[in-house]
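Both backbone and side-chain heavy atoms feed into the values below; hydrogens, waters and symmetry mates do not.
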Amino acid sequence: ALPGRFPMLPGMLHHVEGMVSRVGMDTRIENIVGVRLPVLQQVSFETKPYSLLSTPFWLDAFLEGLRALASLTVRVSILRERYRCLSDALNKTAQRVNLFEKVLIPQAKRDIQRIRIFLSDMERAEVVRAKIAKAKAEAH
């Protein structure tokens, strides 16, 4: 795309090199369902001053394109970081779900079954004790 829009660029690269530099970027953190994700607010650039008379007419458009390209590059890196954070959170959530489904819930069901058996045994033992006590009381 660049050679089509700026056919004279290859001969001028040494003049435009380093004319645009990133000064800073403002980011903030947003919390989406407990995951802290970076959000790009703004990217700021500095353009070295240049003479409008001694530079080609297309330099302004080219430098604007460089700023847009650099801004998009930063946005892509922030989006990749967001994706990595979400992917890590998804993996952690999947591990927790698997832990519950495959380990904790079956263990709890086994424990509940043991408690039910124990309680029914205790209830039966109470009934037997009551019958024995009744039989002893009637025998006297």
Can you hop from [X] to [Y] via hydrophobic side chains spaced under 4.5 Å?
| X | Y | answer |
| --- | --- | --- |
| Ile112 | Ile105 | no |
| Leu52 | Leu63 | yes |
| Tyr50 | Val20 | yes |

Can Lys92 and Asp88 be counted as an ion pair, charged N to O under 4.0 angstrom?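 Looking at Asp88 together with Lys92, the answer is no, because their closest N to O distance does not fall below 4.0 Å.
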Using a strict 4.0 Å threshold on nitrogen-to-oxygen distance, state whether Arg67 and Glu46 make a salt bridge.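 No.
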I want to check something: taking the side chain as every heavy atom from C-beta on, are [X] and [Y] in contact at a cut-off of under 4.5 Å?
| X | Y | result |
| --- | --- | --- |
| Phe118 | Met122 | yes |
| Val43 | Arg75 | no |
| Arg82 | Ile32 | yes |
| Lys131 | Lys134 | no |
| Ile78 | Thr27 | yes |

About how many Å separate [atom2] of [Y] and [atom1] of [X], when rounded to the nearest 0.5 Å?
| X | Y | atom1 | atom2 | answer |
| --- | --- | --- | --- | --- |
| Glu64 | Leu69 | CD | CG | 11.5 Å |
| Met19 | Lys48 | CE | NZ | 8.0 Å |
| Ile29 | Cys85 | CD1 | SG | 8.0 Å |
| Arg22 | Leu66 | CZ | CG | 14.0 Å |
| Leu79 | Leu40 | CG | CG | 8.5 Å |
| Gln95 | Phe100 | CD | CZ | 13.0 Å |

Heavy-atom pair of closest approach, residues Val23 and Phe45: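 Minimum heavy-atom contact is CG2-C, 3.7 Å.
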Gln113/Arg116 under side chain to side chain contact (heavy atoms under 4.5 Å, CB included): CA gap, chis, key distance, verdict: CA-CA 5 Å; Gln113 186 62 30; Arg116 282 184 181 152; 4.2 Å; yes
With Val35, which of Leu90, Thr93, Leu86 fulfils side chain to side chain contact (heavy atoms under 4.5 Å, CB included)?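 The option that passes is Leu86.
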Pick one: which of Glu123, Arg124, Arg129 meets side chain to side chain contact (heavy atoms under 4.5 Å, CB included) with Glu126?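 Filter result, single survivor: Arg129.
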Is there a donor-acceptor contact under 3.5 Å linking the side chains of Gln107 and Asp111?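 Indeed, the side chains of Gln107 and Asp111 share at least one donor-acceptor pair under 3.5 Å.
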Give a yes or no on whether Arg80 atom CZ has more than 12 heavy-atom contacts from other residues, nucleotides or ligands under 6.0 Å away.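 Counting other residues, nucleotides and ligands, CZ of Arg80 stays at 12 neighbours or fewer.
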